[in-house]
Structure formats: C-alpha cells, structure tokens
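I'd like to ask some things about the structure below.
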Amino acid sequence: MIELQGIHRKFQVGNEAVHALQDVDLSVQPGGYLAVMGPSGSGKSTLLNIIGLLDRPNKGLYLLDEQDTTELNDRQQALVRRHKIGFVFQFFHLVPRLTAAENVELPLILAGFEADKREQRVQQALTALGIADRARHRPDQLSGGQRQRVAIARATIMRPGIILADEPTGNLDRSSGKEVIDILEHLNQQGMTLIMVTHDPELGGRAARRIQMLDGYIQSDTARKHEGI
C-alpha cells in the first residue's frame, strides 16, 4: 500500500522558491490503477518521483507497505526501489550499446542473480511481451513500440508490486501506444499497482481512479463508476 501524508516538495530556482507539491495526501491500495493528470508544471512527475523513491519530500510522510521510507538512507531506499517498484518512461531510457536482452537483464545483475536464472527470466519476459525475436537487437534497431516493450520487460523483471509509468505512450504512434497500454493494463489485472502520468484524457479515462493536479495540489480524486479503489 502507498500512503502519502502532508507531502511538500520545494525547489529553489534562482531566487525563487517553486512549490512542486503542497500538502499532498494520497492512498493507493495494492492492485490499484491510478491516472495522474494535470497541466505541465502541476506536480505530476514530482509526485511520481516521490512515490518511486527517486526524490525526497521536504516535509511529510511516505509509507510504503507500512514502512516509513522518509527515514531510510539512500542505499536503503535503492533496495526498496529495486525490489518493489518498476519504472516506465516516455523516452525508454534503454542503454544504447546493450541488446534488448541485456537491457532487461540489468536489474537482475544488480540484484545478484546467477547467470542461468537471469537467462531464464529474461527469455520469459521477452516472450511474454512478444519480442523474443528481438532479443539480440540494440535499441536503435527497434521500433518505438518495441523499445517500450523492452522497457516494460526491464521494469517488471524483478516482479515488483508497483509500476510507475510517466507518459508511457507520449513518444509512440497511436497503434503502438494502444499496445503498450494494453500490456500495462494486463499487468495491473495480474495484481500489479499501476500509477500512470498522462496528458491524454482518453488514457486517463481508462484508469479505475483519476487524480487531477494543479499548482502542486490535488484538485480532484475520482473513481470510475463500478471500479473504485
């Protein structure tokens, strides 16, 4: 379970203080499907970074599975992030010189998995996402949709409970974008919590729950009928 209480995040830009998040309270149950929406600069990505332990709040409490993450040091946060959270970004963030299989394998190497277990997991992940035949291709040899599938495989290879997706279709054509959303929603149906930042109202409308942000505040928090979280 994700629980944010009174979260504030402030950045100093020159002489000006920018309040990216202001007094944010948010709870997401395991297996939830949440879309985070709002204009540029509203705090969406900052919220995602806080939840993903890529950033720390200046004030407030963040409980993940009842553990106070704000009390953890950087190394402890990295361990929690590695095992519990997967990230999918708009621009894929794949390592250019590595093949698709090697990109997916990276988290397993960092976690100390033995080579035979890594190979088995990577093969299973690429097969599940329909890109096993692209295992030896580098990112520049893949289409945008294929690269995002590789990114999803990498994000889920450690079998985390949470997937954080920041504009996952923003760099894809409509057909590829639909395929990626279908994959993410299938993972959600299997029990993974899915939190997605999007500007697209059509995508936002697919989520079981949608929050609207403005100027660092949560303006509204609505559940789709018959699919409350």
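In this text the structure is predicted, and so the values were computed from the model without any measurement.
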- prompt: Once you round to the nearest 0.5 Å, how far does CG of Asn58 lie from NZ of Lys10?
  reply: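 If I round to the nearest 0.5 Å, the distance is 6.5 Å.
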- request: Identify the heavy atoms of Asp68 and Glu71 that sit nearest to each other, and give their distance.
  value: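 Of all heavy-atom pairs spanning Asp68 and Glu71, the closest is OD2-CG, 3.1 Å.
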pair Leu184-Ile163: side-chain heavy atoms closer than 4.5 Å: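 Heavy-atom side-chain distance check passes, below 4.5 Å.
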query: Are Thr46 and Asn49 linked by a side-chain donor-acceptor pair shorter than 3.5 Å?
result: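 The answer is no; no qualifying pair exists.
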task: Taking the side chain as every heavy atom from C-beta outward, state whether Pro168 and Gln148 have any atom pair closer than 4.5 Å.
output: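 Answer yes - side chains close enough.
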message: Run Phe113 and Met158 through side-chain contact (heavy atoms from CB on, under 4.5 Å) and show every step you take.
response: CA-CA 10 Å; Phe113 278 70; Met158 291 292 293; 4.0 Å; yes
query: Thinking salt bridges, do Asp74 and Arg81 make one under a 4.0 Å N-O criterion?
result: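 So Asp74 does not pair with Arg81 through a salt bridge.
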- request: Report yes if some heavy atom in the side chain of Lys44 is under 4.5 Å from a heavy atom in the side chain of Thr198; otherwise report no.
  value: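 No, their side chains stay 4.5 Å or more apart.
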message: Return the CG to CE distance between Asn188 and Met196, rounded to the nearest 0.5 Å.
response: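 So the CG of Asn188 and the CE of Met196 are separated by 10.0 Å.
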message: Please give me the minimum heavy-atom distance between Asp65 and Lys84, naming the atom from each residue.
response: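 So the minimum-distance heavy-atom pair works out to OD2-NZ, 3.1 Å.
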message: If you count heavy atoms of other groups shown closer than 6.0 angstrom to NE2 of His186, is the number above 12?
response: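 No - once you tally the heavy atoms of other residues, nucleotides and ligands closer than 6.0 Å, there are 12 at most.
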message: Please say yes or no: joined through hydrophobic side-chain contacts below 4.5 Å, possibly via intermediate residues, are Leu106 and Val150 part of one cluster?
response: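 Cluster IDs for Leu106 and Val150 differ.
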task: Please report the shortest heavy-atom distance between Thr69 and Gln77, naming the atom on each side.
output: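 Thr69 and Gln77 have their closest heavy atoms at O-NE2, 3.0 Å.
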message: I'd like to know if Arg174 and Asp200 make a salt bridge, using a cut-off of under 4.0 Å between side-chain N and carboxylate O.
response: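 Asp200 and Arg174: not salt-bridged.
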query: Under a 4.5 Å side-chain heavy-atom rule over Ile, Leu, Val, Met, Phe, Trp and Tyr, are Leu54 and Val36 clustered together?
result: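 Yes; tracing contacts between hydrophobic side chains, which count when under 4.5 Å, links both residues.
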message: I'd like to check Leu79 versus Arg75 (side-chain heavy atoms, cut-off strictly below 4.5 Å). Are they in contact?
response: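 The answer is yes; the side chains approach within 4.5 Å.
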message: Is there a side-chain contact (heavy atoms from CB on, under 4.5 Å) between Ile218 and Asp25? Walk through the geometry before answering.
response: CA-CA 8 Å; Ile218 293 179; Asp25 294 325; over 6 Å; no
task: Could you tell me whether Arg138 atom CZ has more than 12 heavy atoms of other residues or ligands within 6.0 Å of it?
output: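 No, not enclosed.
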field: For the student: nearest non-hydrogen atoms of Pro57 and Ile50, plus distance
entry: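 Between these two residues, the closest heavy atoms are N-CD1, 3.4 Å.
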- prompt: Heavy atoms, side chains only, cut-off 4.5 Å: are Phe87 and Asp166 in contact?
  reply: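 Counting from C-beta outward, Phe87 and Asp166 never come under 4.5 Å.
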- request: Would you indicate whether Gln76, at its atom CD, is surrounded by more than 12 heavy atoms from other residues, nucleotides or ligands within a distance under 6.0 Å?
  value: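 Yes, the 6.0 Å shell around CD holds more than 12 heavy atoms from other groups.
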message: Please report the interatomic distance CD(Glu102) to CZ(Arg118), rounded to the nearest 0.5 Å.
response: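 Spacing of CD (Glu102) from CZ (Arg118) equals 10.5 Å.
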- prompt: Can you check side-chain contact (heavy atoms from CB on, under 4.5 Å) on Phe92 and Leu172, steps first, answer last?
  reply: CA-CA 11 Å; Phe92 320 127; Leu172 302 175; 4.0 Å; yes
message: Would you say that more than 12 heavy atoms from the other residues, nucleotides or ligands in this model lie under 6.0 Å from the CD of Gln190, or not?
response: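 More than 12 heavy atoms, drawn from other residues, nucleotides or ligands, come within 6.0 Å of this atom.
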Derivation of the side-chain contact (heavy atoms from CB on, under 4.5 Å) call for Gln5 and Leu63: CA-CA 8 Å; Gln5 301 175 9; Leu63 301 176; 4.1 Å; yes
query: With a 4.5 Å limit on heavy-atom distance, are the side chains of Tyr33 and Gln189 in contact?
result: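 Contact flag for Tyr33/Gln189 side chains = no.
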task: Please confirm whether the backbone N or O of Gln146 pairs with a side-chain atom of Arg134, one donor and one acceptor, at under 3.5 Å?
output: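 No, because the side chain of Arg134 does not come within donor-acceptor range (under 3.5 Å) of the backbone of Gln146.
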message: Tell me whether Leu34 shares a hydrophobic cluster with Tyr217, the cluster being built from Ile, Leu, Val, Met, Phe, Trp, Tyr side chains joined at under 4.5 Å.
response: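 Not linked; separate clusters.
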message: Between Arg206 and Asp182, is the salt bridge (Lys or Arg N to Asp or Glu O under 4.0 Å) condition met? List the steps.
response: CA-CA 10 Å; Arg206 294 175 63 139; Asp182 286 344; 3.1 Å; yes
task: Please work out which of the three classes, parallel, tilted or perpendicular, describes the rings of Phe89 and His93, given edges at 30° and 60°.
output: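 Perpendicular.
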field: Side chains of Glu3 and Leu26 in contact at under 4.5 Å (non-hydrogen atoms)
entry: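 Glu3 vs Leu26: side chains apart.
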task: Kindly give the heavy-atom pair with the smallest separation between Pro39 and Met213, and that separation in Å.
output: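 Closest approach of Pro39 to Met213, heavy atoms only: CD-O, 3.5 Å.
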query: If you round to the nearest 0.5 Å, how far is CG of Leu4 from CG of Leu21?
result: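 Rounded to the nearest 0.5 Å, the CG-CG separation comes out at 9.0 Å.
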- prompt: Between Ile2 and Ile195, is any pair of side-chain heavy atoms under 4.5 Å apart?
  reply: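 Sidechains of Ile195 and Ile2: in contact.
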query: Where the side chain of Glu167 meets the backbone of His199, is there a donor-acceptor pair that is under 3.5 Å apart?
result: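 Between the backbone of His199 and the side chain of Glu167 there is a qualifying donor-acceptor contact (under 3.5 Å).
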- prompt: Which residues satisfy the salt bridge (charged side-chain N to carboxylate O under 4.0 Å, His left out) test with Arg149, sequence neighbours excluded?
  reply: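 Listed in chain order: Glu179.
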- request: Can you see which heavy atom on Leu142 is nearest to which on Ala100, and at what distance?
  value: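 Heavy atoms only, the tightest pair is CD1-CB, 4.4 Å.
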query: Sub-3.5 Å donor-acceptor pair from the side chain of Thr156 to the main-chain atoms of Arg159, do we have one?
result: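 Here the side-chain-to-backbone pair does not exist.
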Exam field: side chain Asn103 to backbone Val95, donor-acceptor pair closer than 3.5 Å: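 Confirmed, Asn103 side chain pairs with Val95 backbone.
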- prompt: Are Ile211 and Ile51 co-members of a hydrophobic cluster defined by side-chain heavy atoms under 4.5 Å apart?
  reply: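 Linked within one cluster.
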field: Same apolar cluster: Leu108 and Leu98, side chain cutoff 4.5 Å
entry: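 No: no chain of side-chain contacts under 4.5 Å links Leu108 to Leu98.
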message: Going by side chain to side chain donor-acceptor pair (under 3.5 Å), name the residues that satisfy it together with Glu16, two or more places apart in sequence or in a different chain.
response: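 Per chain and number, Glu16 pairs via side chain to side chain donor-acceptor pair (under 3.5 Å) with no residue.
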